[in-house]
Trainee: 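Got a structure here, written out as structure tokens. Questions coming.
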Amino acid sequence: MSQPSEGAPPPRPVPRVPKGFRDVFAADVEARRNMVETIRGVYERYGFEPLETPAVEHVDVLGKFLPEADRPDAGIFAWKLIEEGDRDSGKNDGEWVALRYDLTAPLSRVVAQYKETLPTPFRRYQIGPVYRMEKPGPGRFREFYQFDIDTVGTANMAADAEVCCILADALEELGIKRGEYVIKVNNRKVLEGILDRIGLGHAHHQEAFHEVFRPLLGQSKANIMKTFRSEEPYSGAFKGVPTEVLDQQAQKISAAAWPPPWSGEKPPGEYVEMLKNYYNLFPKDQRLAVLRAIDKFDKSGLDGVRGLLGTGRLDTSGVFNYGAQLDPDAIETVIGFMMSGIADRNIVIDHLSHLVGDSVVGKQGVSELIAIHEFLSAAGYGNDRVQFDPSIVRGLAYYTGPVFEAQLTFDIIDEDGVKRPFGSVAGGGRYDDLVKRFTGELVPATGASIGVDRLLAALKVVGKVKTEDRRGPVVVTVMDKPKLAEYQQMVFELRRAGVAAELYLGEGGFKQQLKYADRRNSPVAVIAGSNEFEKSEITIKNLRLGKELAKQVASRDEWRKGQPAQTTVARAALVEEVKKILNS
RNA sequence: GCCGCUGUAGCUCAGUUGGCUAGAGCGCCUGACUGUGGAUCAGGAGGUCACGGGUUCAAAUCCCGUCGGCGGUACCA
């Protein structure tokens, strides 16, 4: 934007929407509303009650803790809330708040806050927009809708099984046929058991990185380069990272680390940002790294997962991803777990109980799966609807037990012309520790979240959403301005009869009025000029029929003179005639 | 964050090795049609060629930078 020069008028705002946000027009709004209503019906049938919470929460409530720096972590929309008076007086420098990034964290807050009066277990559903400041991609926005259902306050596996049933019911009610979707279930505890067996330690890489990094602060570029390449004592922390990648990193770190932040030549904020980026190169927790590696299975394939479980993997765009650093035996154990199949639930259970061996958590995980299996079978939900699949882990760290994912199995053609299954439209799991943050007491909880926009996209693919057919109102055209009151009367007659109708309120001539009605996709236009008024008649034009007929008519005379799609009737028959057309 | 591609009318895009007043299709507006959506025909409006600098007699075109868009990848509570 150009700088306003002396005396020039202020620059005009450019109409636009912030990146990652969008406008939603009538057809999509209605499609979403219809879908949500259907799902809501299912949720209520299962006995859940609605809840609404604010879009803004305190940052610590959401689980994001502020770093030392004077701004919150990236990824969320956060700001400091300062009351007007306090800003000037400086008495109170405000509190960090943020837009919610999911509906689960606010729920755990509500439970902790009102636990004395809330029924236990607390069963609620909630829909609303959530906000994430990530890079938007195809079909991914910074503001999007989630539709959650959760049961808080019971460890009973029946609650988990029920979540699977709800998701299945909801999808079917929306018109997705049995076989076009599958609810997949796994259990984090089983994976924990496997990781125990291979003796996986916890976050040591983060510390190793710390050790490498700290002495480098403020050192010369040459020194930094040397350290990154040296055999001792740091090579262990960077095992498996290609030399050229390390060189590249060293270049950037030296640029950031020199001159040192306290010299005043480099803004400290930028320096901190740089540091954070390099943290991200390394797994903070090996277990988490394993989870993410497995989670990448559908994207990276088996070899990709192997790489990510091991030293790391250089992806197609030339970025090196640091791996979980497992040794080959451990890798194969994890892969074995992941690939233990999606056959009959009984078979998967057998397989898994064998894999976890003596691990206590592992066995517990398997018995939870058995419990879920029994509940599902009793309720009549077989393998055609709910499967056990150990490759489903979900990236979230907070899940503690069963995890779920609703997948659509039909193929879509993506932008590259490649056929692939539509994929996940909902996910969830058990999170027994979330309320503990507030109260210190264990409050077991389980639930799922439907990605509303994604599911809506899926419904469009299978043709369950008719966005094109949105019907506009009956438009009463205005031919004689002085007779406005009489036109108005027609409009209200129609409205009183329950017919959506409006008076043409624009400035346009008659031709434009019909064009307007056409654009609104109006089924009917009501026409009355002096001819009609003289005889107490009105002309009713069937716009939809007319549109159809126009396809066959070539000559203009035919089109204009014929007018088979309109009839002139007595004024008193207005409502009756309009309704006749609407119902046809 | 990182890597690559890209930016010309409301939309989709042409624009030769730098060279006249920057074009097309669609859409929009007006008229043919004095009371009729569509089709047809005729006419019209609409552009700081993303922005800023540089090279040149001359830049939409070449170079540098900034910003935006797209794709991949990472992160994803």
Trainee: Report yes or no: is there a donor-acceptor pair, N or O only, under 3.5 Å between the side chain of A:E548 and the base of B:rG38?
Mentor: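 No pair found.
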Trainee: The criterion is side chain to side chain donor-acceptor pair (under 3.5 Å); which residues satisfy it with A:S522, sequence neighbours excluded?
Mentor: none
Trainee: Mind listing the side-chain donor-acceptor pairs of residues 142-152 of chain A below 3.5 Å, one per line with the distance, residues two or more places apart or on another chain?
Mentor:
unit_1	atom_1	unit_2	atom_2	d
A:R142	NE	A:E134	O	2.7
A:R142	NH2	A:E134	O	3.3
A:E143	OE2	A:Y131	OH	2.9
A:D148	OD1	A:S449	OG	2.7
A:D150	OD1	A:R124	NH2	2.3
A:D150	OD2	A:Y431	OH	2.6
A:T151	OG1	A:R123	NH1	3.2

Trainee: Return the set of residues passing side chain to side chain donor-acceptor pair (under 3.5 Å) with A:Q513 (not counting sequence neighbours), or none when no residue passes.
Mentor: none
Trainee: Could I get a table of every N or O pair under 3.5 Å where one atom is in the protein and the other is in nucleotides 65-69 of chain B?
Mentor:
unit_1	atom_1	unit_2	atom_2	d
B:rG69	OP2	A:K19	NZ	3.1

Trainee: Please evaluate the base of B:rG35 for a donor-acceptor partner in the side chain of A:N531 within a cut-off of under 3.5 Å?
Mentor: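 Result: at least one qualifying N/O pair found.
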Trainee: Is the A:F21 to A:F141 ring centre distance short of 6.0 Å?
Mentor: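 Between A:F141 and A:F21, which both carry aromatic rings, the centre distance is not below 6.0 Å.
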Trainee: Taking N or O atoms only and anything under 3.5 Å, show me the protein contacts with nucleotides 27-29 of chain B, one pair per line.
Mentor:
unit_1	atom_1	unit_2	atom_2	d
B:rC28	OP1	A:R519	NH2	2.8
B:rC29	OP2	A:K515	NZ	3.3

Trainee: Are the ring of A:F510 and the base ring of B:rG35 both nearer than 5.5 Å at their centres and tilted by less than 30°?
Mentor: no
Trainee: Answer yes or no: is there an ion pair linking A:R109 with A:D60, defined by an N-O contact shorter than 4.0 Å?
Mentor: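 The answer is no: the pair does not qualify as a salt bridge.
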Trainee: Under a 4.0 Å threshold between the charged nitrogen and the carboxylate oxygen, would A:D518 count as salt-bridged to A:K547?
Mentor: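 So A:K547 pairs with A:D518 through a salt bridge.
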Trainee: Once you apply a heavy-atom cut-off of 4.0 Å, does A:R142 come out as touching a base, just sugar-phosphate, or nothing?
Mentor: nothing
Trainee: Can you tell me which stems involve RNA chain B, if a stem is defined as three or more consecutive Watson-Crick or G-U wobble pairs, both distances under 3.5 Å?
Mentor: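 Stems for RNA chain B, defined as runs of 3 or more consecutive pairs: B:1-7 with B:67-73, B:10-13 with B:23-26, B:28-32 with B:40-44, B:50-54 with B:62-66.
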Trainee: Does A:K511 place a side-chain N or O at less than 4.0 Å from the phosphate oxygens OP1/OP2 of B:rG37?
Mentor: yes
